[in-house]
Asks: 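The structure under discussion is supplied below as structure tokens; questions concerning it will follow.
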There are 2 protein chains.
Amino acid sequence: MSNDSFRSGCPINLGLEVFGDKWSLLIIRDMMFAGKRHYREFLASDEGISSNILADRLARLVDAGILTRADDPAHKLKAIYSLTARGIDLLPILAQISRWSRSHMPVDPELARTGEARDRAGPGAVEAQMAALRRLHLGEG
Amino acid sequence: MSNDSFRSGCPINLGLEVFGDKWSLLIIRDMMFAGKRHYREFLASDEGISSNILADRLARLVDAGILTRADDPAHKLKAIYSLTARGIDLLPILAQISRWSRSHMPVDPELARTGEARDRAGPGAVEAQMAALRRLHLGEG
DNA sequence: TCAAATTACTTGCAAAATGCAATCGATCTT
DNA sequence: AAGATCGATTGCATTTTGCAAGTAATTTGA
């Protein structure tokens, strides 16, 4: 993972090189807000990701240190994906994207609710949810 | 042209459908932080965007209501691009991406300075820069 | 004044990424 | 033993990207 062949060292660019595509942040979203942890669950998202793209993105996110993959101890068939600390740190970005879209795009009112609630709860809400994610994803691994 | 053929009405998804690629937010970055307004300036970015991709992204961003394009009154050859209100509202997202990358990626220290300064200045700094952009891009067009 | 430079793009083409459907071997359920 | 379920992989068509070259209109410089 020591291959520094980035287009530039600009912070904005480096972020985009890791999660700047149409699918990666949706996977993160599903983990954070829908509690998804398994391949089949991600595959069933509203947006309809293809199985090969999903496999590719999960591998990339693991490579980037945003997710980890572990075998489910109970089910040998099941892999369980967890957020890392750096994955959990993406929440403020998601919250900000949500805010922008709720201001400027024709969002589904039902799907906008969690974001609205978070904004209504004040600036501590994001940090609170990050703490909860840390307990869930880092507490046990 | 009211074709709402989005993958879903989820706020995160809708944002990604507009600016979820490797180039769009870099153009916005160059407008916000480097004061670029002309095609040739965008073309000269560190990351090396191709001219056809740049033309495509500028057109998309104009379509999405994030930028406007106007003929330069002084130079008939020059087009001048401006941010709209909804384009300026992307600044908090950029600031958040910058923050994530400065925590988790090998950013160029020199390029990280403006972000660090913004964070050091406190939460009002983003709003202040947005106000400045509004004066520059919306004040006159 | 007129050739050279500059402007915002467009074009052609190869390479890479994406999307879709079918399939895989391993494991789990019944 | 049979079928369902798991996380993928494969083959193939379509779309997007990247690169180099070219375009027409305008502006600059000698």
Side-chain angles (χ1 to χ4, degrees), chain A residues 3 5-8 13 16-28 30-31 34-64 66-83, chain B residues 3 5-8 13 16-28 30-31 34-64 66-83:
Chain A
N3 190 5
S5 66
F6 296 114
R7 298 182 299 185
S8 85
N13 176 61
L16 292 175
E17 292 211 42
V18 171
F19 52 75
D21 71 273
K22 300 229 183 293
W23 294 111
S24 297
L25 289 183
L26 293 186
I27 295 171
I28 307 298
D30 285 347
M31 295 191 81
K36 297 185 184 180
R37 307 291 292 265
H38 302 289
Y39 190 91
R40 291 276 156 172
E41 296 177 295
F42 299 126
L43 208 53
S45 74
D46 277 354
E47 292 83 11
I49 190 170
S50 294
S51 61
N52 53 348
I53 303 296
L54 174 59
D56 177 82
R57 290 306 184 280
L58 287 170
R60 270 175 209 272
L61 290 170
V62 169
D63 271 6
I66 286 173
L67 303 182
T68 55
R69 201 203 106 114
D71 296 328
D72 190 319
H75 272 250
K76 286 204 171 161
L77 273 180
K78 283 193 179 176
I80 189 162
Y81 289 92
S82 301
L83 289 159
Chain B
N3 191 6
S5 66
F6 296 115
R7 298 182 300 185
S8 85
N13 176 61
L16 292 175
E17 292 210 43
V18 172
F19 53 75
D21 71 273
K22 300 231 182 296
W23 294 110
S24 296
L25 290 183
L26 292 186
I27 294 171
I28 307 297
D30 284 347
M31 295 191 81
K36 297 185 184 179
R37 307 291 291 266
H38 302 289
Y39 190 90
R40 289 278 153 167
E41 295 177 297
F42 299 127
L43 208 54
S45 73
D46 277 355
E47 291 84 12
I49 190 170
S50 293
S51 60
N52 54 346
I53 303 295
L54 175 57
D56 177 82
R57 290 306 184 279
L58 286 170
R60 270 177 209 272
L61 290 170
V62 169
D63 271 6
I66 286 173
L67 304 182
T68 56
R69 200 203 107 115
D71 296 328
D72 190 317
H75 269 251
K76 287 204 170 159
L77 274 180
K78 285 192 180 177
I80 188 162
Y81 289 93
S82 300
L83 289 160

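Letters go in sequence order (proteins before strands), and every chain restarts at 1.
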Asks: Please check the phosphate of dT17(D) (OP1 and OP2 only) for any side-chain N or O of Arg57(B) closer than 4.0 Å.
Replies: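 Yes.
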Asks: Is the side chain of Arg37(B) donor-acceptor paired with the backbone N or O of Tyr81(B) at a distance under 3.5 Å, no angle test?
Replies: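 Yes, the answer is positive, given that a donor and an acceptor are paired below the 3.5 Å cut-off.
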Asks: Can you identify which nucleotide, out of dA8(D), dG18(D), dT7(C), has its nearest atom closest to the Tyr39(A) side chain?
Replies: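 Nearest to the side-chain atoms of Tyr39(A), counting from C-beta on, is dA8(D).
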Asks: Rounded to the nearest Å, what distance is computed from the CG atom of residue Leu61(A) to the C1' atom of nucleotide dA8(D)?
Replies: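 Checked: the CG to C1' distance equals 16 Å.
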Asks: Over its full length, what angle do the end axes of the helix from dC2(C)-dG29(D) to dT30(C)-dA1(D) make, each axis taken from five pairs and the result rounded to 10 degrees?
Replies: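 About 20°, once rounded to a multiple of 10°.
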Asks: Which listed nucleotide (dA8(C), dC20(C), dA8(D)) is nearest to the side chain of Ala79(A)?
Replies: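 It is dA8(D).
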Asks: Is any side-chain nitrogen or oxygen of Arg69(A) closer than 4.0 Å to OP1 or OP2 of dA8(D)?
Replies: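 True: Arg69(A) side-chain N/O within range (under 4.0 Å) of dA8(D) OP1/OP2.
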Asks: Considering just the side-chain nitrogens and oxygens of Trp23(B), establish if one lies under 4.0 Å of OP1 or OP2 belonging to dG18(D).
Replies: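 Result: yes.
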Asks: The test is side chain to side chain contact (heavy atoms under 4.5 Å, CB included); show your working for Leu83(A) and Leu67(A) and say whether it passes.
Replies: CA-CA 5 Å; Leu83(A) 289 159; Leu67(A) 303 182; 3.7 Å; yes
Asks: Rounding to an integer number of Å, can you tell me how far Leu77(A) CG sits from dG3(D) P?
Replies: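 So the CG-P distance, Leu77(A) to dG3(D), works out to 18 Å.
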Asks: With a cut-off of less than 4.0 Å, is there a side-chain N or O of His75(B) near OP1 or OP2 of dA25(D)?
Replies: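 No.
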Asks: Which value, rounded to the nearest 0.5 Å, describes the distance between Ile27(A) atom CD1 and Leu43(A) atom CG?
Replies: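 If we round to the nearest 0.5 Å, Ile27(A):CD1 and Leu43(A):CG are 10.0 Å apart.
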Asks: Would you kindly compare Ile49(A) and Ala74(A) by the position of their nearest DNA chain C nucleotide and give the one closer to the 5′ end?
Replies: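 On the 5' side of the pair lies Ile49(A).
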Asks: Look at all strands and tell whether Asp56(B) reaches a base, only sugar-phosphate, or nothing, counting heavy atoms closer than 4.0 Å.
Replies: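 If one applies the 4.0 Å heavy-atom cut-off, Asp56(B) turns out to touch nothing in the nucleic acid.
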Asks: Could you check Ile53(A) against Lys76(A) and say which one's nearest nucleotide on DNA chain C is further toward the 5' end?
Replies: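 Comparing both residues, the 5'-ward one is Ile53(A).
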Asks: To the nearest Å, how far apart are Ile27(A) CD1 and dG7(D) C1'?
Replies: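 After rounding, the gap between these two atoms is 14 Å.
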Asks: Atom CG of Leu43(B) to atom C1' of dA20(D): distance rounded to whole Å?
Replies: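 Roughly 13 Å, once rounded to whole Å.
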Asks: Arg40(A) side chain N/O closer than 4.0 Å to the phosphate oxygens (OP1, OP2) of dG7(D)?
Replies: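 Answer yes for this pair, as a side-chain N or O of Arg40(A) is under 4.0 Å from OP1 or OP2.
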Asks: Is the backbone N or O of Asp72(B) less than 3.5 Å from a side-chain atom of Lys78(B), with the two atoms forming a donor-acceptor pair by type?
Replies: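 No, the answer is negative, given that no donor and acceptor are paired below the 3.5 Å cut-off.
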Asks: Need one value for Tyr81(B): base, sugar-phosphate or nothing, where a base atom within 4.0 Å counts as base even if backbone is also close, heavy atoms only.
Replies: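 It contacts sugar-phosphate atoms only.
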Asks: Which comes earlier along DNA chain D counting from the 5' end, the contact point of Leu58(A) or that of Arg7(A), where each point is its nearest nucleotide?
Replies: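 Counting from the 5' end, the first nearest nucleotide belongs to Leu58(A).
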Asks: Quick check on dA8(C): is either OP1 or OP2 less than 4.0 Å from any side-chain nitrogen or oxygen of His38(B)?
Replies: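 Yes, such a contact exists.
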